Amino acid sequence: MTALERRMTKEEAECFRAMRRWQRRALFRQYWRALLPRPRWWRRFTTSPPVTQCVFSLLLIAASPLLLMLWVINALYQTLMLPGRYLSTWLTPRSLRAPGERNLKGLHYQFSTHISLPPSFYLQCCNEWIAILYGEDALHSHRLERYLDQTYIQQRQVAYDFDANEKAIFVAQISHARENVSRALGNY
């Protein structure tokens, strides 16, 4: 019996380990994105008029030494921070306790201070929690994606072209979906 399993059930401990695995994956994705950045403005640049593209290209060329320096600093910072962040995902926090509510919502609230996942990874993590706590059969019929309002997300993506807005919308949708799945599945 591990120290984690002394604080909570075997399934809850496995859910915490799954969350940590997804955090490690997210760390490496964040690291690679720092090394190979994708400009957020690229979609708008490609759809803007040619005159705007020309002016913006000239400004980009003029600012390229500064942008290159900022990229190198960010890449070095991410490289130096990666080992510590990675090792921290292997530690069990002392403040970690078993969830009060024995459902997906309770598990989220108990782990929320230890979760730092992008929405797409969190969605996959929650699906893994469902499989661990309720079984594979429950996962097939209650995947979190089924509870997301896809038309609302698509409408908001058209209205707002920025990644930050999309992330906020997606996080809110995941929260509602988690509540609905918790109600549908009940206690484990």
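Being a predicted model, the structure only gives us computed values, none of them experimental. The figures that follow rest on heavy atoms only: side chains count, while hydrogens, waters and symmetry mates do not.
A cation-pi arrangement is present between R25 and W22, with the terminal nitrogen or guanidinium carbon under 6.0 Å from the aromatic centre and inside a 45° cone about the axis.
Nearest approach of L148 to I174, heavy atoms of both residues: CD2-N, 3.8 Å. Nearest heavy atoms, S182 versus K105: OG-N, 2.8 Å. In this structure, S95 and H114 approach most closely via the heavy-atom pair OG-CE1, 3.5 Å. For L139 against R143, the heavy-atom pair with the smallest separation is O-CG, 2.9 Å. Considering every non-hydrogen atom in both R85 and Q78, the closest pair reads NH1-OE1, 3.2 Å. Counting all heavy atoms, side chain and backbone alike, P119 lies closest to V171 at CG-CG2, 3.7 Å.
Of the listed residues (H142, Q173, H176), just one forms a side-chain hydrogen bond (donor to acceptor under 3.5 Å, both in side chains) with Y147, and that residue is H142.
R146 contributes a side-chain N or O that, together with a main-chain N or O of H140, makes up a donor-acceptor pair within less than 3.5 Å. W129 places no side-chain N or O within donor-acceptor distance of the main-chain N or O of E14, the cut-off being under 3.5 Å. Although no hydrogens or angles enter the test, the distance criterion places no donor-acceptor pair under 3.5 Å between the side chain of W71 and the main chain of L66.
The ring pair (Phe, Tyr, Trp, His ring centres under 6.0 Å) search around F16 returns F111, not counting sequence neighbours. Every side chain to side chain contact (heavy atoms under 4.5 Å, CB included) that F45 has, sequence neighbours left out, goes to W41, W42, Q53, F56, S57.
Salt bridge absent: E12 and R97 never bring a charged side-chain N and a carboxylate O closer than 4.0 Å.
Atom CG in L117 sits 11.0 Å away from atom CZ in R24 (nearest 0.5 Å).
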